[in-house]
Amino acid sequence: MITESGFKMGSTDPKLDPKGKLAAQALTAVGLTASAVQVFPEEQLVGRLQAGQLDAGFFYSSESTELKIPTVTLAAPSSSRPPTRCPC
């Protein structure tokens, strides 16, 4: 699904934000590159998803739980951190 033409996925900048770095690691783990996502400032990511400008985004599980954003697990990072999740 995330490789289909027109699918819009967002993340924060992996160079500036730990969540963006985890998203980049998750993409690599499933054979995708960082170019598979559009990068947005932390403050805009949820709003863009809720406004329908994105089909999915990378969020910490605490964020998705609080905001009631449905999630699926893409890949477990190689570290001991919880899996990165993507709403779909």
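Because the structure is a prediction, the values reported are computed rather than measured.
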Tabulate below the donor-acceptor pairs under 3.5 Å that side-chain atoms of residues 39-46 make, not counting sequence neighbours, or state none.
from  : atom 1 : to    : atom 2 : distance (Å)
Glu42 : OE1    : Lys19 : NZ     : 3.4
Glu42 : OE2    : Lys19 : NZ     : 3.0
Gln44 : OE1    : Arg48 : NE     : 3.2
Gln44 : OE1    : Arg48 : NH2    : 3.3

For this session: Return the set of residues passing side-chain hydrogen bond (donor to acceptor under 3.5 Å, both in side chains) with Ser35 (not counting sequence neighbours), or none when no residue passes.
Result: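 Only Thr33 meet the side-chain hydrogen bond (donor to acceptor under 3.5 Å, both in side chains) criterion with Ser35.
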For this session: For Ser11, check side-chain hydrogen bond (donor to acceptor under 3.5 Å, both in side chains) against everything at least two apart and list the hits.
Result: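 side-chain hydrogen bond (donor to acceptor under 3.5 Å, both in side chains) list for Ser11, sorted by chain: empty.
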Exercise. How would you list, by chain and number, every residue that makes a salt bridge (charged side-chain N to carboxylate O under 4.0 Å, His left out) with Glu66, sequence neighbours excluded?
Worked result: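 None.
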Problem set entry | side chain to side chain contact (heavy atoms under 4.5 Å, CB included) partners of Lys8, counting only residues at least two apart |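 So Lys8 forms a side chain to side chain contact (heavy atoms under 4.5 Å, CB included) with Gln38, Leu54, Asp55.
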Exercise. Got a sec, which residues hit side chain to side chain contact (heavy atoms under 4.5 Å, CB included) with Leu16, two or more places apart in sequence or on another chain?
Worked result: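 Testing Leu16 for side chain to side chain contact (heavy atoms under 4.5 Å, CB included), a comparison that skips the adjacent residues, returns Asp13.
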For this session: Check Leu49 against Gly57 and note the closest heavy-atom contact, atom names and distance.
Result: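 It is CD1-N, 4.4 Å.
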Exercise. Can you tell if the side chain of Phe59 reaches within under 4.5 Å of the side chain of Leu67, non-hydrogen atoms only?
Worked result: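 Not in contact.
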Problem set entry | Heavy-atom check, side chain of Phe58 versus side chain of Pro14, under 4.5 Å |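 Contact flag for Phe58/Pro14 side chains = no.
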Exercise. Can you check whether Ser62's main-chain N or O pairs, donor with acceptor, with Thr65's side chain at less than 3.5 Å?
Worked result: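 No; judged by distance alone, with no hydrogens or angles, the pair does not exist.
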For this session: Would you sort out whether Gln25 and Leu22 count as a side chain to side chain contact (heavy atoms under 4.5 Å, CB included), showing the intermediate values?
Result: CA-CA 5 Å; Gln25 290 173 348; Leu22 288 172; 3.4 Å; yes
